[in-house]
Amino acid sequence: MGTDVDAFLGQLARHLRTQAEKLAGLMLQRLNGELPELREEGEIAALTLEETAQHVTTILDLLETQPDVSAPKAPSVVLEVGRLYARRGIPVSRLLRGYRLGHLSLLEMVQAEAPRLTSDWHMIHLAAMRLITIGFDYVDRSSEEVVAAYQEERDHLLQRRLALTNRASKRIGTTLDVTRTAQELTEVCTEEFADLVTVDLFDSALDETGTGSPEALTQRRVAQRSVLDGCPESLLRIGEAHSYPDDSQPARALATGRSVLHRIGKTEMPMWMAPSESHSQALRALGLHSVLLVALHARGEALGLVQFSRHRTSVPFDDNDLLLAQEIVSRAAVSIDNARRYTRERSTALTLQRTLLPRHTVKQSAVEAASRYLPAGSSAGVGGDWYDVIPLSGARVALVVGDVVGRGLHAAATMGRLRTAVRAFADIDLMPDELLTHLDDVVIRMQREESRDEGETSATCLYAIYDPVSRLCSVASAGHVPPTVVTPSTTGEARTASVVELSEVSVGPPLGLGGLPFETTEFELWESSLLVLHTDGLIADRTRDVDVALTTLHDVLTSAPESLEETCDQLLTALLPSRPADDVALLIARTRVLDPDHVAAINLPSDPAAVSEARRFASDALAAWGLEEMSFTTELAVSELVTNAIRYGKSPIQLRLILQSTLTCEVSDASSTAPHLRRARIFDEGGRGLLLVAQLTDRWGARHSREGKVIWAEQALPAGSGSDHRAN
């Protein structure tokens with residue numbers, strides 16, 4: 001009987017083969033009513049029709065040839081449908097339901113055709129039972145293969161998404177630059193995920209000062225990338241500002257923070273994507289079919305919007321793609337927020353730093369100076385390097401370079417406090433080692449006042465005093481690199497220079513350690529010598545040996561041009577070909593020597609009778625300089641200063657007059673007793689000397705040295721005197 005059933009099934013298969021295409025169409029028509037994806041997805045519908053036809057052909061072949069043989073493997077198109085369902089994110093249960101519906105439809109069609117070939121209902125019943133057995137066996141085997149293909153494709157997609165997430169974590173946020181971070185996001189996501197990625201940020205997120213209004217709806221296109229050359233999908237260009245309509249999906253995504261998956265029909269094109277008909281036609285021609293809108297949110301603040309579009313990739317975005325996009329964008333948002341916060345802090349610190357640094361060199365006659373300040377690269381942050389040129393009494397000048405340990409606002413603010421302290425100490429004419437000792441105390445007090453979260457406050461400082469009269473330079477260092485001296489020499493008509501390393505300069509401990517001494521080193525400088533002070537950022541680099549940098553420094557200085565500004569530029573070009581990893585402060589001073597004809601000095605005995613001699617000496621010097629009209633004030637100041645030195649000081653006593661852009665009277669003695677300005681009572685016979693000096697002159701003060709002290713008073717030269725006597 002089995003043979004008869006097999007023969008009947010073969011006959012039935014041959015009868016139906018002529019109708020195979022019709023049977024496939026009828027089965028697909030039934031599936032359309034149960035599986036909506038067949039109506040919505042043209043690619044799935046086309047593959048399903050081919051798949052259904054191959055299923056029908058395979059079943060008919062099985063019935064016609066060897067019904068007892070195990071069911072063959074599923075056709076390749078069946079596996080492709082399974083992979084397509086996996087790529088589209090359609091559950092595999094939908095695919096298996098289609099198999100069951102298709103099998104049921106085929107059974108019904110066969111049963112409807114069987115009575116046309118025989119009236120033996122017993123044969124029809126046996127054939128139906130055999131057909132059910134063969135069909136279920138085939139469906140089971142095909143289902144196993146298609147589920148395996150589906151799962152394999154899902155695993156592959158998962159691996160690709162994990163790989164994309166991994167690449168995004170490594171390649172997005174490599175710099176603390178907002179624009180570059182946005183560009184990295186577009187570069188990563190157009191490799192295998194989207195065909196077009198655009199990043200728009202609110203102007204408030206791009207405002208370096210942090211004062212932009214976050215309520216402003218205006219956005220700026222900061223990055224975009226397409227798989228097509230020239231990014232033809234976008235009407236906007238980098239840097240252009242725009243805003244989305246209030247009722248558009250992007251505006252709602254920004255307002256709610258909820259991501260949107262938008263599928264685009266063949267005739268549909270939203271106005272927010274294509275404001276003009278020509279652009280709408282262009283996008284339809286490209287085949288744009290799906291868009292993801294993901295808001296950039298970080299730390300509770302909206303930063304902007306990222307759009308992902310597909311047109312060359314046939315598979316539209318699904319919910320899993322939306323989750324993946326959200327994951328990548330959330331990471332990018334943190335990086336962008338970090339970058340903008342850093343940019344704002346860096347901008348604020350740099351503004352503070354430049355505000356606290358001297359904008360113009362103070363007018364003085366001891367040196368000609370040029371300076372440069374170069375902030376560190378964006379990844380390092382602004383530091384606390386500073387320089388200063390401070391005029392002192394007696395035509396001298398103080399040159400300062402310092403470096404605060406740390407980065408950011410705290411370092412810049414600390415630099416400002418230390419620079420102010422140095423100026424205050426310089427105003428009372430402290431020796432370099434004494435000044436650094438007091439500055440060390442200031443840093444220690446700052447450490448006690450500040451919290452531990454701000455880190456330990458420390459700094460290095462180099463303080464130098466140059467006297468154009470004696471040509472002596474006094475230097476003390478607190479953990480700072482010693483200065484470099486370039487001594488000029490003339491041989492015939494050729495001008496040469498030699499670089500001198502001041503190895504004898506004692507480098508003390510950095511500021512903030514306390515309890516350790518500093519030492520002042522003195523040396524003479526020839527006229528037109530260069531004194532080069534800098535922070536370690538100029539020569540220290542992880543990719544270069546310090547000795548190599550010092551050699552380069554010496555080579556540049558040996559053949560330095562006459563212009564100090566050009567010398568600064570040449571040093572920076574030679575030593576810093578790229579943005580420095582650390583801040584750089586550079587100060588170059590060319591020494592001048594005060595003409596001996598502009599200095600008059602006399603040694604005086606410790607005798608009251610010497611006061612009149614001092615007045616005559618001052619009067620003669622003023623006459624020689626053509627400044628007779630200053631005689632009365634000068635003689636009075638000289639009388640009071642010399643009288644105080646004789647009365648309260650010790651021998652030797654010296655009077656010195658210095659003529660430069662001002663007239664300075666100095667009286668020195670060997671006593672360390674400090675003078676005090678006080679208000680004398682009505683019936684007091686003394687105590688008015690310094691008060692008179694203070695009232696009649698522009699400035700006065702005292703400075704101490706290891707040999708004693710100097711009391712000085714300074715007067716402005718008369719207008720129109722034509723006596724702008726500066727150092728050579």
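Starting from 1, each residue takes its place in the sequence as its number.
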Which distance, rounded to the nearest 0.5 Å, do you find between the CD1 of I172 and the CD1 of I328?
6.5 Å
Heavy-atom closest pair (A333 atom, A298 atom, distance to 0.1 Å) is O-CB, 3.6 Å
Nearest-0.5 Å distance that lies between atom CD1 in I336 and atom CG in L185
6.5 Å
Counting N and O atoms only, with roles assigned by atom type, does the side chain of R340 sit under 3.5 Å from a partner on the main chain of V178, one being a donor and the other an acceptor?
no
Specify the closest pair of heavy atoms between Q183 and A223, including all atoms of both residues, with the distance to one decimal.
N-CB, 3.7 Å
Applying salt bridge (charged side-chain N to carboxylate O under 4.0 Å, His left out) as the test, list every pair that has at least one member in residues 223-241; sequence neighbours left out.
none
Between D247 and R252 (salt bridge meaning N to carboxylate O under 4.0 Å), is one present in this structure?
no
Nearest heavy atoms of T414 and T457, plus distance in Å
CG2-CG2, 3.8 Å
R220 side, atom CZ; L201 side, atom CG - distance, nearest 0.5 Å
10.5 Å
Checking side-chain polar atoms at under 3.5 Å, does R171 have a donor or acceptor matched by the opposite partner on N166?
no
Which atom names give the shortest non-hydrogen contact between H289 and S314, and what distance separates them?
NE2-O, 3.7 Å
Pairs flagged by ring-ring contact (aromatic ring centres under 6.0 Å, His included) wherever residues 174-196 is involved - sequence neighbours left out:
F193-F308, F193-F317
Nearest 0.5 Å, please: how far is CZ in R221 from CG in L305?
9.0 Å
Is there a side-chain contact between Q307 and L196 (heavy atoms, below 4.5 Å)?
no
Do we see a donor-acceptor contact under 3.5 Å between the side chains of T186 and Q224?
no
For W272 and P245, the nearest pair of non-hydrogen atoms, with its separation, is CB-CD, 4.4 Å
Contact between R341 and R299 at the side-chain level, heavy atoms closer than 4.5 Å - yes or no?
yes
Quick one: pull up OG1 in T218 and CG in D200 and give me the separation to the nearest 0.5 Å.
11.5 Å
